[in-house]
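Some notes on the structure that comes next.
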Amino acid sequence: MGVANELDIYIAIKDAIIQQKLRPSMQLVEEVIAESFGVSRTPVRNVLRKLAGEKLVTVIPYKGTFVACPTVDEAKEVFEMRRVIEASSVKKVSGKLTADQLGQLSRLLDEEHQAHHNGDPLLALRLSGNFHLKIAEFTGNNYYYRYLEELISLTYVIIALYGMSKHMHCSDHRRLVLLIEQGDAEQAERLMIEHLKEIEDTLQFEEKGTAPQSLSEVFRLANGHYASAKS
């Protein structure tokens with residue numbers, strides 16, 4: 001069995017946040033995580049520092065590290081910035097994508113549709129995020145992708161905290177691909193803004209009181225999966 005490295009630990013923690021196994025405000029205890037992965041506290045501390053830089057966790061001096069818990073105002077700011085970046089991204093790529101790039105977008109939508117069909121809303125949510133990131137990637141502007149990746153990760157935390165009043169089945173995504181292919185930049189920009197506003201409007205801005213799994217349980221499962229993959 002291999003030994004987990006910083007990348008393994010980073011992916012495991014980030015995935016656990018995205019998959020809502022680690023809930024907002026849950027404390028991330030270095031010793032527990034280190035023991036779960038069979039490593040010292042040093043790589044865990046480095047990973048938590050990186051996640052803090054991405055705003056996914058918050059370090060409170062003399063108290064510890066906690067999964068981020070965005071306020072309502074912060075949640076609205078995340079969506080405000082997403083609209084700025086993504087409206088510009090979709091306008092920039094309209095009429096300029098290759099057949100292969102359009103195919104990549106379409107395949108992501110097929111996978112998202114299948115995830116909904118299989119009753120896996122968390123996978124569908126992540127594939128939706130990947131769709132939005134792929135458009136940013138296709139602009140060729142690394143800053144678009146870098147900042148949007150952080151904002152989308154925060155969106156997962158926001159949804160975990162506030163929930164959604166309904167699941168989005170994203171027919172808007174199909175229309176976006178069509179508008180991009182047709183080169184209708186203005187309509188694509190308008191639809192992207194409306195789409196993101198609709199997602200924001202589905203959020204229920206009151207915290208849910210569901211009990212999270214323990215840290216050791218979350219990472220026991222993650223490390224078991226990691227170990228089986230490495231063995």
Side-chain angles (χ1 to χ4, degrees), residues 14 17-18 20 24 51 53-56 58 68-97 101-102 104-106 108-109 111-113 115-116 121-207:
K14 189 167 184 176
I17 292 172
I18 290 171
Q20 303 178 9
L51 291 168
E54 296 176 8
K55 313 298 183 186
L56 283 176
T58 302
C69 185
T71 65
V72 171
D73 286 343
E74 288 168 342
K76 290 179 180 293
E77 287 171 359
V78 165
F79 277 95
E80 180 181 4
M81 281 309 304
R82 282 193 63 177
R83 286 192 290 273
V84 171
I85 293 173
E86 296 199 62
S88 178
S89 294
V90 77
K91 188 174 183 179
K92 189 176 178 70
V93 302
S94 290
K96 299 177 182 177
L97 298 189
Q101 289 172 323
L102 289 167
Q104 289 182 52
L105 292 176
S106 293
L108 277 172
L109 298 189
E111 292 174 14
E112 181 187 357
H113 175 78
H116 279 298
L122 291 180
L123 176 59
L125 179 63
R126 187 162 190 179
L127 289 166
S128 173
N130 290 346
F131 171 82
H132 285 260
L133 277 172
K134 185 62 70 174
I135 292 174
E137 178 187 326
F138 288 156
T139 67
N141 185 324
N142 290 330
Y143 291 101
Y144 278 21
Y145 184 92
R146 184 188 307 175
Y147 293 125
L148 184 59
E149 184 177 30
E150 179 178 308
L151 291 168
I152 286 177
S153 293
L154 284 168
T155 300
Y156 298 137
V157 178
I158 290 165
I159 290 173
L161 177 59
Y162 296 108
M164 301 177 75
S165 59
K166 63 177 181 178
H167 291 300
M168 303 290 294
H169 286 276
C170 289
S171 58
D172 286 349
H173 286 172
R174 295 284 182 192
R175 292 168 57 204
L176 276 170
V177 172
L178 182 59
L179 291 170
I180 290 169
E181 185 176 9
Q182 293 172 342
D184 194 337
E186 290 187 7
Q187 285 287 0
E189 179 184 24
R190 185 178 300 111
L191 178 57
M192 179 65 83
I193 291 171
E194 291 173 354
H195 171 61
L196 292 171
K197 188 65 173 70
E198 185 179 0
I199 295 174
E200 181 182 351
D201 288 344
T202 68
L203 295 171
Q204 304 174 82
F205 285 119
E206 54 184 31
E207 188 171 352

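Everything quoted here is computed from the prediction, not taken from an experiment.
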Step-by-step side-chain contact (heavy atoms from CB on, under 4.5 Å) determination, Leu109 to Glu112: CA-CA 5 Å; Leu109 298 189; Glu112 181 187 357; 3.6 Å; yes
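- Between Glu137 and Lys134, at least one side-chain nitrogen of the basic residue sits less than 4.0 Å from a carboxylate oxygen of the acidic one, meeting the salt-bridge criterion.
- Summarising the geometry, atom CZ belonging to Phe79 is positioned 14.5 Å from atom CD1 belonging to Ile193; distances are rounded to the nearest 0.5 Å.
- Note that CD of Glu189 and CG of Leu179 are 12.0 Å apart. Values are rounded to the nearest 0.5 Å.
- A side-chain hydrogen bond (donor to acceptor under 3.5 Å, both in side chains) check over residues 83-93, counting only residues at least two apart or in different chains, returns the pairs Arg82-Glu86, Arg83-Glu200, Glu86-His132, Ser88-Tyr144.
- Between atom NE2 of residue His116 and atom CG of residue Leu125 there is a gap of 8.5 Å, rounded to the nearest 0.5 Å.
- Within the 4.5 Å cutoff, side-chain heavy atoms of Lys76 are placed close to those of Val72.
- With sequence neighbours excluded, the residues that form a side-chain contact (heavy atoms from CB on, under 4.5 Å) with Ile18 are Lys14, Arg126, Tyr156.
- Considering all non-hydrogen atoms of both residues, Leu148 and Ala136 come closest at CD2-CB, 3.7 Å.
- Taking the side chain as every heavy atom from C-beta outward, Pro70 and Leu161 approach each other to under 4.5 Å.
- With hydrogens and angles ignored, the 3.5 Å screen pairs no side-chain donor or acceptor of Glu77 with any backbone N or O of Glu74.
- Residues Ser94 and Ala188 share a closest heavy-atom pair of OG-CB, 3.7 Å.
- Checking His113, His195, His173 one by one against Phe131, the ring pair (Phe, Tyr, Trp, His ring centres under 6.0 Å) holds for a single residue, His173.
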CA sep, side-chain torsions, deciding dist, call: Lys197, Asp201, side-chain contact (heavy atoms from CB on, under 4.5 Å): CA-CA 6 Å; Lys197 188 65 173 70; Asp201 288 344; 2.8 Å; yes
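- Counting heavy-atom neighbours within 6.0 Å of Arg174 CZ, excluding the residue itself, gives a total above 12.
- Nearest heavy-atom pair across Thr58 and Ala68 is OG1-CA, 4.0 Å.
- A pairwise comparison of heavy atoms in Tyr162 and Phe205 identifies CD2-CA, 3.5 Å as the closest pair.
- Lys96 meets the side-chain contact (heavy atoms from CB on, under 4.5 Å) test with no other residue; sequence neighbours excluded.
- Note that OG1 of Thr71 is 9.0 Å distant from CD1 of Ile158, once rounded to the nearest 0.5 Å.
- The minimum heavy-atom distance between Glu198 and Asp172, with the atom names listed, is OE1-OD2, 3.7 Å.
- Across all non-hydrogen atoms, the minimal contact from Leu203 to Ile159 is CD2-CG1, 3.9 Å.
- One distance of note links CG of Leu176 with CE of Met192; it measures 5.0 Å at 0.5 Å rounding.
- To the nearest 0.5 Å, atoms CG (Leu97) and CG (Leu105) are separated by 6.5 Å.
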